[in-house]
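Counting starts at 1 for both ligands and their atoms, in listed order. None of these values were measured; they are calculated from a predicted model.
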Amino acid sequence: MDKIVIHGGNRLKGDVRVSGAKNSALPLLFATLLAPGVHRVSNVPNLRDIGTVEKLLTILGAEVRREGGVFTVDATRIASVEAPYDLVRTMRASVLVLGPLLARLGHARVSLPGGCAIGARPINLHLKGLEAMGAKITLDHGYVEAKARRLKGARIYLDFPTVGGTENLMMAAALAKGVTTLENAAAEPEIVELADAINCMGGKVRGAGTDTIVIEGVDELRPLGYAVMPDRIEAGTFMIAAAMTRGDVRVIGAVPAHQDALLGKLREAGVEVLVEEGAIRVRGPRKITSVNIKTQPYPGFPTDMQAQFMALMTLGNSTSIISENVFENRFMHVCELQRMGADIAIEGHTAAVRGVKSLLGAPVMATDLRASASLVLAGLAADNTTEISRIYHLDRGYERLEEKFNELGADIRRVSEVKEAVPAPLKVVGLAGDA
Ligand code: EPZ
């Protein structure tokens with residue numbers, strides 16, 4: 001397994017270009033299952049999770065070709081409707097095949113994803129919505145079996161504005177008979193992009209980006225041609241890296257409208273944020289002001305930026321109260337940050353982060369995707385050397401991260417972890433991938 005070694009303290013300077021958004025590319029690639037024909041999705045980031053999507057689409061019978069960031073998917077022939085456990089447990093977003101397969105073929109068999117590092121992450125709201133549309137859902141040996149001759153439009157209230165649930169139900173409704181209304185729907189930019197893509201395929205989706213989305217089902221859709229938007233979470237991660245290293249970085253491709261909550265909090269923390277044409281420029285202050293954050297569904301402060309923002313707050317000038325309101329166990333980075341000298345106390349869903357003068361490099365372990373990003377950020381700012389193990393978590397959601405930081409002047413490199421002569425680890429049935 002690889003690890004990342006960082007000699008901290010360098011001030012980051014220069015331009016960095018954001019890759020395509022992982023959390024938009026995933027649903028867009030699954031949306032190709034909605035229509036026969038050859039689809040083309042570009043600006044797809046080169047990530048482990050994208051490799052998992054390629055495998056899953058191929059298992060289902062689609063013909064997939066990748067040239068750089070361009071995916072060509074021929075979804076004419078779907079030979080299977082089953083998303084197998086060994087894939088779903090590595091990437092829970094695989095459950096997004098449910099909606100498209102059910103809508104197009106009237107049948108889907110998807111392994112329940114199981115829990116992951118950041119929480120139980122059930123899919124009950126996905127299933128409740130599909131049942132409201134007439135699907136017959138049964139559970140069989142850890143698999144969800146969903147059948148429907150033809151889904152019909154329904155009025156669905158989502159108990160929580162679930163991103164994946166909204167995406168699955170939007171795709172299911174696109175080919176249903178009649179009109180579906182999703183109330184209390186998620187409003188993330190990724191939802192807006194998926195709705196736009198379905199409309200490009202001939203669908204009729206209105207209201208994406210608000211809490212009420214109306215989908216008028218059509219009889220068939222045509223192949224998709226689409227370019228994935230920039231990744232707002234990767235962009236935010238670079239901004240915090242500049243803030244923590246008293247750097248001066250232009251994040252090329254970042255979309256200000258996707259980051260209001262984060263930009264507001266960075267400014268509150270004394271970070272200089274300049275919106276330029278096609279980029280956001282961030283200058284790190286001499287003194288970081290401690291600010292409080294509460295994660296919320298969009299447009300609130302994004303849960304996917306909580307761990308990275310906490311890394312910034314470890315260097316604040318007083319105490320920051322951080323409350324995680326979306327997932328029940330998303331503080332796995334705290335004990336690793338404490339190993340680096342951070343002063344953090346957790347009480348339930350809330351962490352009190354008392355700023356320290358500086359962090360100290362240490363060997364630490366990544367536990368989930370965004371936790372690993374926060375450890376990289378802490379290492380970039382810390383004195384001396386930080387070694388981060390289990391960075392396969394990082395590779396799920398960041399493309400060439402160490403190269404990009406190198407180009408900004410960081411002393412960071414990836415090394416292969418020497419295999420110590422230890423007994424082979426017990427085969428532990430892992431938790432589903434967190435992202
Ligand atoms: C998406 O996950 C993202 N993943 C996550 O990003 C992100 O953190 C999350 O949305 C919230 O913004 C992808 O888009 C691939 P949810 P998703 O359904 O769809 C509960 C990253 O780091 N819930 O909005 O799984 C659930 O338990 C990843 O890139 C139910 O109770 O998130 C959670 O507490 C991590 N029942 C909350 O809702 C359901 O049926 C939010 O989950 C569905 C969800």
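Counting non-hydrogen atoms of neighbouring residues, nucleotides and ligands closer than 6.0 angstrom, the CZ atom of Arg40 reaches no more than 12 such neighbours. Counting heavy atoms of neighbouring residues, nucleotides and ligands inside a 6.0 Å radius, atom CZ of Arg414 exceeds 12 of them.
When His393, Lys404, Arg370 are each tested for a side chain to side chain donor-acceptor pair (under 3.5 Å) with Tyr398, only one passes: Arg370.
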Could you walk me through whether Lys128 and Glu131 pass the salt bridge (Lys or Arg N to Asp or Glu O under 4.0 Å) test, one step at a time? CA-CA 5 Å; Lys128 189 178 125 191; Glu131 279 179 327; over 6 Å; no

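For ligand 1, the atoms sitting less than 4.0 Å from at least one non-hydrogen atom of Val326 are 33 (C), 34 (O), 37 (C), 41 (C), numbered in the order shown with element in parentheses. The Ile123 neighbourhood of ligand 1 comprises atoms 39 (C), 40 (O), with distances under 4.0 Å to a heavy atom of that residue. Near Leu26, meaning under 4.0 Å from any of its heavy atoms, are these atoms of ligand 1: 15 (C). Contact atoms of ligand 1 toward Gly164: 18 (O), 19 (O) (distance under 4.0 Å to a heavy atom of the residue).
The shortest N/O to N/O separation between Leu125 and ligand 1 falls below 3.5 Å. Residue Arg330 has at least one nitrogen or oxygen atom sitting less than 3.5 Å from a nitrogen or oxygen atom of ligand 1, judged on distance alone. Here's the thing with Gly165: none of its N/O atoms is less than 3.5 angstrom from an N/O atom of ligand 1. Not one N or O of Ile118 is nearer than 3.5 Å to an N or O of ligand 1, by distance alone. Checking only distances, Thr303 never comes within under 3.5 Å of ligand 1, N or O to N or O. Between Asp304 and ligand 1, a contact under 3.5 Å exists for at least one N or O pair.
With a heavy-atom cut-off of 4.0 Å, His126 touches ligand 1 through backbone and side chain alike. Contacts between Lys22 and ligand 1, counted as non-hydrogen atom pairs separated by less than 4.0 Å, involve the side chain only. No part of Glu324 comes within 4.0 Å of ligand 1, judged by heavy-atom distances. Contacts between Leu369 and ligand 1 below 4.0 angstrom, taking non-hydrogen atoms only, involve the side chain exclusively.
Remark: the Thr303 side chain and the Glu324 side chain contain an N/O donor-acceptor pair separated by less than 3.5 Å.
Not a single heavy atom of Met305 sits less than 4.0 Å from an atom of ligand 1. The closest approach between a heavy atom of Pro122 and any atom of ligand 1 is below 4.0 Å.
Glu188 is not listed as a side-chain neighbour of Asn23, based on a closest heavy-atom distance of 4.5 Å or more. When side chains are defined from C-beta on, Leu56 counts as touching Val97, because their heavy atoms get closer than 4.5 Å. Residues Leu101 and His107 form no side-chain contact, since every pair of their non-hydrogen atoms from C-beta on lies 4.5 Å or further apart.
Of all the heavy atoms in Glu193 and Ala227, the pair that sits closest is OE1-O, 4.1 Å.
The list of side chain to side chain donor-acceptor pair (under 3.5 Å) pairs with a residue in residues 55-66, not counting sequence neighbours, reads Asn46-Arg66, Glu54-Arg66, Arg65-Glu67.
Glu190 is linked by a salt bridge (charged side-chain N to carboxylate O under 4.0 Å, His left out) to Arg232, counting only residues two or more places apart in sequence or in another chain.
The residue from Arg370, Arg92, Met91, Glu234 that puts a heavy atom closest to atom 29 (O) of ligand 1 is Arg370. When Asn23, Asp159, Thr162 are checked for heavy-atom proximity to atom 18 (O) of ligand 1, Thr162 turns out nearest.
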